[in-house]
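What follows is a single structure, written as structure tokens, with notes after it.
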Amino acid sequence: MQRSDDRILTTHVGSLPRSPAFTDLILQRESSEHFDAAEFEREAGQAIAHVVREQIEAGIDVINDGEQPRPGFSTYVYQRMQGFGGVSERPVLRDMDEYPDYAEMVVARLKKTAKMMDAPQAIAAVSYDDLSEARRECGLFREASEGYAGRFVERFMSAASPGIISTTLLNAHYPTHEDYVFALAREMKKEYAFVTSQGYLLQIDCPDLAMEWSFALKGISLDDFKKTVAMHIEAINVATEGIAPDRIRLHVCWGNYDGPHVHDIALEEILPFLYEANVGALSLGFANPRHQHELAVIKANPPPGEMLFLPGVIDSTRNYVEHPEVVAQRIEAAADAVGDPSRVIASTDCGFGTFAGWQEVAESVVWEKFRALREGAAIASQRLWG
């Protein structure tokens, strides 16, 4: 994983806006309506080419394919693995329990969104025997990005963690949650290894390590939640065994939605567990108004060893475009917290298109936010290195 000794690099968390037309294709495929596989792949290639070009033009250093062909950052798994069927009945957020008018807003939006609360569940032993979709996605990304060689620093591909899969595609087969999580870990290991074999950095998306405290696991005690976090981390380490840690970045968040977040778990409760993951970088959100203050937690307990820090300095749920000076100040605060600016890569709090149809920030605004990220990083670099 590249780091810089003379400037702050920029990246983002992964998912990017999809066009309305391509979103419709994804939803048609998900609902089992008639769809043309060749047309889907052609449109996917064009969508990936578009978001790659926008990232390059905005000045992003570490780019990806925007997760364009996927219905959701975690639910894509049921289209690639066997053992899923039926419907998961995922519990609703505590925020929706407590603020019913907010819940009504969410439910209205879900009507035109890929399956989030009602994705399939595990009804048999899960198995990942066909990597063809992962191979196609990696190939389309390579085709779209090869022409920009020299204009980006690295490329990454995201993948769902065993934990977030288990809390999104619920368990209706295995005796225990732990059995299910480790079965997923053994199977996802194949995708993780394939992604890194193609020369990409692997980003593992793990909102379960924070978000599920107020979502699918909202009924358990704090101690039991921490035990679950530790077990999910162990599963990640099993799934990534054999991959060099410096080829992996871990993304953790409290949910990518513009809601109250009053029940979010405090970072200090989970940070020691996050540091147990065998990864080379940790991505956390600090641009949102609920967790900005928790950079103090990082400063009190900075990442171990040479682990890089990817702080979110751009909010992924609001159409406000951050002023570059605000971005620069956030980057400088992150560098101070870690104690070494070369270990900081400026990022976003989360993705901008975590599920097809679920988009809170207009596409044109996303690219403007990326330009603000680049400009803020340049300002911070000047101050940090001169």
Side-chain angles (χ1 to χ4, degrees), residues 1-14 16-17 51-64 66 148 150-156 201 203 249 251 253 267 280-299 302-303 306-352 361-386:
M1 195 176 307
Q2 294 292 321
R3 55 192 287 177
S4 174
D5 293 322
D6 58 11
R7 70 179 180 93
I8 296 292
L9 300 178
T10 59
T11 189
H12 60 97
V13 165
L16 294 171
V51 298
V52 166
R53 182 173 62 254
E54 293 291 349
Q55 290 172 80
I56 295 296
E57 291 180 355
I60 300 300
D61 294 303
V62 186
I63 65 171
N64 84 328
Y148 297 103
R151 297 184 64 184
F152 59 83
V153 174
E154 280 191 291
R155 295 175 290 190
F156 75 96
L201 296 178
Q203 176 177 292
R249 37 193 257 185
H251 171 65
C253 76
L267 178 60
L282 179 61
S283 163
L284 289 167
F286 294 103
N288 64 84
R290 194 71 192 180
H291 295 281
Q292 289 181 32
H293 66 290
E294 290 184 316
L295 266 179
V297 178
I298 298 293
K299 186 168 185 176
E306 294 300 307
M307 182 182 285
L308 302 186
F309 182 42
L310 279 58
V313 295
I314 294 287
D315 192 312
S316 54
T317 66
R318 294 186 293 179
N319 285 279
Y320 265 102
V321 175
E322 291 81 353
H323 194 286
E325 179 61 35
V326 171
V327 174
Q329 291 178 14
R330 289 172 175 172
I331 292 171
E332 291 173 86
D336 177 66
V338 174
D340 179 359
S342 71
R343 291 174 63 188
V344 173
I345 298 177
S347 187
T348 59
D349 271 11
C350 201
F352 290 93
V361 179
E363 181 181 351
S364 60
V365 178
V366 171
W367 312 133
E368 194 65 36
K369 280 174 170 276
F370 278 9
R371 286 187 283 272
L373 176 60
R374 177 201 65 205
E375 293 169 15
I379 294 170
S381 298
Q382 179 63 31
R383 292 177 186 161
L384 291 166
W385 281 286

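Computation of the quantities below employed the complete heavy-atom set of this structure, encompassing side-chain atoms and omitting hydrogens, waters and symmetry-equivalent molecules.
With N319 contributing its side chain and A362 its backbone, the two residues share a donor-acceptor pair below 3.5 Å. Panel note: side chain W367, backbone A58; no donor-acceptor pair is recorded below 3.5 Å. R249 places no side-chain N or O within donor-acceptor distance of the main-chain N or O of A281, the cut-off being under 3.5 Å. Remark: side-chain polar atoms of Q292 are not paired, donor with acceptor, to backbone N or O of F286 under 3.5 angstrom.
Applying the side chain to side chain contact (heavy atoms under 4.5 Å, CB included) test to Y148 and every residue at least two apart in sequence or in another chain returns V52, R53, I56, R151, F152. Scored by the side chain to side chain contact (heavy atoms under 4.5 Å, CB included) test, T348 finds H12, V13, I314, F352, F370 as partners (sequence neighbours excluded). Annotation: side chain to side chain contact (heavy atoms under 4.5 Å, CB included) contacts of A335 (sequence neighbours excluded): P341, V344, L384. E322 pairs by the salt bridge (Lys or Arg N to Asp or Glu O under 4.0 Å) definition with K369, not counting sequence neighbours. Residues satisfying the side chain to side chain contact (heavy atoms under 4.5 Å, CB included) test with R318, not counting sequence neighbours, are D258, P289, D315. With sequence neighbours excluded, the residues satisfying salt bridge (Lys or Arg N to Asp or Glu O under 4.0 Å) with E368 are R371. With sequence neighbours excluded, the residues forming a side chain to side chain donor-acceptor pair (under 3.5 Å) with T10 are D61, listed by chain and number. When the salt bridge (Lys or Arg N to Asp or Glu O under 4.0 Å) test is applied to E54, no partner is found at least two apart in sequence or on another chain. A search for side chain to side chain donor-acceptor pair (under 3.5 Å) contacts involving R343 returns nothing, not counting sequence neighbours. By the side chain to side chain donor-acceptor pair (under 3.5 Å) test, D6 pairs with S4, sequence neighbours left out.
The two residues C253 and C350 make their nearest non-hydrogen contact at SG-SG, 3.9 Å. When all heavy atoms of P303 and I298 are compared, the closest pair comes out as CD-CG2, 4.1 Å. What you find for V313 and A287 is that their closest heavy atoms are C-CB, 3.5 Å. Between V366 and P17, the shortest heavy-atom contact is CG2-CG, 3.7 Å. Between L284 and F309, the closest heavy-atom pair is CD1-CE1, 4.4 Å. A pairwise comparison of heavy atoms in G376 and A328 identifies O-CB, 3.4 Å as the closest pair.
The salt bridge (Lys or Arg N to Asp or Glu O under 4.0 Å) analysis of residues 290-299, with sequence neighbours excluded, yields the pairs K299-D336. Sorted by first and then second residue, the pairs that involve residues 323-335 and meet salt bridge (Lys or Arg N to Asp or Glu O under 4.0 Å), not counting sequence neighbours, are E325-R383, E332-R383.
Here the CG-CG distance, from L282 to L308, works out to 10.5 Å after rounding to the nearest 0.5 Å. Atoms OG1 and CG, from T11 and N64 in turn, are 7.5 Å apart once rounded to the nearest 0.5 Å. Atom CG in L9 sits 5.5 Å away from atom CD1 in I345 (nearest 0.5 Å). Separating the CD atom in Q55 from the CZ atom in R155 is a distance of 12.0 Å, to the nearest 0.5 Å. The CD1 atom of I379 sits 9.0 Å away from the CD1 atom of I331 when rounded to the nearest 0.5 Å.
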For this session: Evaluate the side-chain contact (heavy atoms from CB on, under 4.5 Å) criterion for residues L201 and M1: first the C-alpha distance (whole Å), next the side-chain angles of each, then the deciding distance (0.1 Å), finally the verdict.
Result: CA-CA 7 Å; L201 296 178; M1 195 176 307; 4.0 Å; yes
Exercise. For N288 and T317, what are the C-alpha separation, side-chain angles and deciding distance, and is it a side-chain contact (heavy atoms from CB on, under 4.5 Å)?
Worked result: CA-CA 8 Å; N288 64 84; T317 66; over 6 Å; no
